[in-house]
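Report on the following structure.
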Amino acid sequence: MQSSLSGIKVLDFSHALAGPFCTMLLGDYGATVYKLESPGGGDIGRGWAPPFTGDQASFFLGLNRGKQGVSINLKRPEGVELCLRLMDKVDVVIENFRPGTLARLGLGYDAARIPNPRLVYCSISGYGQDGPSRDQSAMDLILQASCGLLSVTGAPDGQLARCGHSVADITAGMFALIGILMALRARDASGAGQFVDVSMLDSMISAMTSNFMNYLSSGVVPRPLGTAFPSIVPYRTFPTRDREIAVAVGSEKLWRVFCEAIGRPDLTDHADYATNALRVKNRGVLEPMLAGIFSQDTAGAWFRKLNAVGFPCSPVRTMDEVVNDPQAAVRGMFPTVVHPTAGPLTVTGPPVKLSATPARASTAAPWLGEHTRRALTELLNLDSAELDELESAEVIVAG
């Protein structure tokens, strides 16, 4: 069965998380991804362990499935020339070095588009390709701080908390994917590629639209609220007899359902809680009252009671519970791929289900340079003698 992105070739210079997440998804949906790494250590993600699966970093294995491993020495002019020739043969280039790094090597968009005007060239960076912060160092935690997310994440009057997953990296990776697909669609109409500039800061500001609109309209600088939401009450977790449960009263209809289900119908039309605006105003009284109610039973019991009437809720689950959830199994969210040295490996599955062109997690992550010779033969028609010479000169590494 044909995949959505069959025929699209991607030259992937990215490393760590944002770029590899983007290209993992491109590969899942059918693109051929050539993961280009330098000899020696390769992608820094190869060293982000433990945990290990076999002798491989689980972090790297999880983000680089379905890719072909190509290793070229960019410190050698012959290596730079090889990469420029590869750029002429692909549809997409993606990189997440500091702005200007590949351009200084002669591999920037301006150089690459001359021989290949149809090229879509995506650069992911911390702060974008222009502006006063352009050259600042960036990692996920730093962007969580600089975009304002950390200022609203944590316990009220307590220590700030990093978001539990690398949200700035993943958000930038998703916007990079969107940008690449939009540029490819535009190319269908115009015949021309373009430069796709994705910054982690821009991505997070966009992802936090509702947070920023609350500030822009009120002028009130938000502070951490724990699991609560500033403009909807109740919308948070509450402790129960054994663990916390999340509840979300997103409408007045749900408020009525909620009050009936928890055995407090008298709260429905109470003068202090009858509307969401009143509940927000009086959350300091309402939320402790609800906490006392939820403490009387277990999270499982509350879930069954609330779920039975269609109210949105969930116990706060742990990773092992999610992995073993029958719903995740039905949705194919934890498939298995086989790595030649690490063996069978459970990975996360493709999130978007397409009826006619479904995605799949196909092959395990490559070892360094595993497909170098095959890729250079397929794309540049190099013969064995030429490849031997390049390998002998340490321009390439072939697995």
Side-chain angles (χ1 to χ4, degrees), residues 2-36 63 66-67 86-97 99 102-103 107-131 134 138 143 147 166-210 212-213 350-360:
Q2 187 172 9
S3 298
S4 306
L5 299 177
S6 293
I8 297 296
K9 297 182 178 69
V10 181
L11 186 59
D12 178 13
F13 287 85
S14 71
H15 59 281
L17 180 49
F21 180 74
C22 172
T23 54
M24 177 191 74
L25 292 175
L26 288 169
D28 283 350
Y29 291 90
T32 301
V33 179
Y34 300 97
K35 182 174 180 63
L36 198 143
L63 285 162
K67 304 175 186 180
L86 288 171
M87 288 180 175
D88 188 30
K89 303 298 182 181
V90 300
D91 301 279
V92 177
V93 166
I94 182 169
E95 59 93 10
N96 62 344
F97 296 105
L102 285 187
L107 296 173
Y109 176 61
D110 288 338
R113 69 175 176 171
I114 294 173
N116 186 1
R118 290 176 54 81
L119 181 67
V120 172
Y121 191 116
C122 178
S123 291
I124 304 173
S125 61
Y127 299 95
Q129 301 298 309
D130 53 10
R134 172 184 185 270
L143 264 297
C147 77
S166 299
V167 62
D169 272 321
I170 294 300
T171 302
M174 288 193 292
F175 278 115
L177 176 63
I178 294 167
I180 288 167
L181 296 178
M182 288 192 293
L184 288 172
R185 178 65 186 95
R187 190 182 75 172
D188 290 341
S190 69
Q194 59 183 296
F195 184 68
V196 180
D197 176 4
V198 177
S199 97
M200 296 167 74
L201 178 65
D202 298 353
S203 298
M204 287 302 296
I205 291 173
S206 178
M208 294 171 65
T209 291
S210 62
F212 281 105
M213 289 311 300
V352 180
K353 276 54 177 179
L354 299 174
S355 62
T357 54
R360 67 189 184 97

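The first residue in the sequence is number 1, and the count goes up from there. Computed from heavy atoms alone, side chains included, the values below leave out hydrogens, waters and symmetry copies.
The closest donor-acceptor contact from the side chain of D12 to the backbone of V33 lies at 3.5 Å or more, if one exists at all. Judged purely by atom type and a 3.5 angstrom limit, S3 has no side-chain atom pairing as donor or acceptor with the backbone of S6. Y109 contributes no side-chain N or O that, together with a main-chain N or O of S123, makes up a donor-acceptor pair within less than 3.5 Å.
Summarising the local packing, CZ of R187 is surrounded by more than 12 heavy atoms from other residues, nucleotides or ligands at distances under 6.0 Å.
A 4.5 Å side-chain heavy-atom check between L26 and I8 finds every atom pair outside the cut-off. Residues D91 and V120 are not in side-chain contact: their nearest non-hydrogen atoms beyond the backbone lie 4.5 Å or more apart. Contact check for F13 versus L102: side-chain heavy atoms found under the 4.5 Å cut-off. Considering only heavy atoms from C-beta on, L5 comes within 4.5 Å of L181 through its side chain. For the pair P20/K35, a side-chain contact is recorded, criterion being any heavy-atom separation below 4.5 Å from C-beta on. With a 4.5 Å cut-off on side-chain heavy atoms, L107 and F97 do not count as touching. In this structure, M87 and N116 have side chains that are not in contact, with every pair of non-hydrogen atoms separated by 4.5 Å or more. When side chains are defined from C-beta on, R113 counts as touching D110, because their heavy atoms get closer than 4.5 Å.
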Applying side chain to side chain contact (heavy atoms under 4.5 Å, CB included) to F175 and D202, what does each step give before you reach the verdict? CA-CA 10 Å; F175 278 115; D202 298 353; over 6 Å; no
Verify side chain to side chain contact (heavy atoms under 4.5 Å, CB included) between I94 and C22, making sure each step is shown before the conclusion. CA-CA 9 Å; I94 182 169; C22 172; 3.8 Å; yes
After noting the C-alpha distance and the side-chain angles of L177 and M174, does the key distance pass the side chain to side chain contact (heavy atoms under 4.5 Å, CB included) rule? CA-CA 5 Å; L177 176 63; M174 288 193 292; 5.5 Å; no
Working for side chain to side chain contact (heavy atoms under 4.5 Å, CB included), residues V10 and V90: CA-CA 6 Å; V10 181; V90 300; over 6 Å; no
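Between A18 and D169, the closest heavy-atom pair is CB-O, 3.4 Å. Counting all heavy atoms, side chain and backbone alike, T171 lies closest to M204 at OG1-SD, 3.8 Å. Shortest non-hydrogen contact noted between K67 and T23 is NZ-OG1, 2.8 Å. Across every non-hydrogen atom of S166 and L17, the tightest pair is CB-CD2, 3.3 Å. The nearest pair of heavy atoms linking P350 to D28 is CG-OD2, 3.8 Å. Contact detail for V198 and C122: the closest heavy-atom pair is CG2-SG, 4.2 Å.
Considering OG of S4 and CG of L354, their distance stands at 4.5 Å, rounded to 0.5 Å. Taking OG of S199 as the reference point, atom CG of L143 lies at 7.5 Å (rounded to 0.5 Å).
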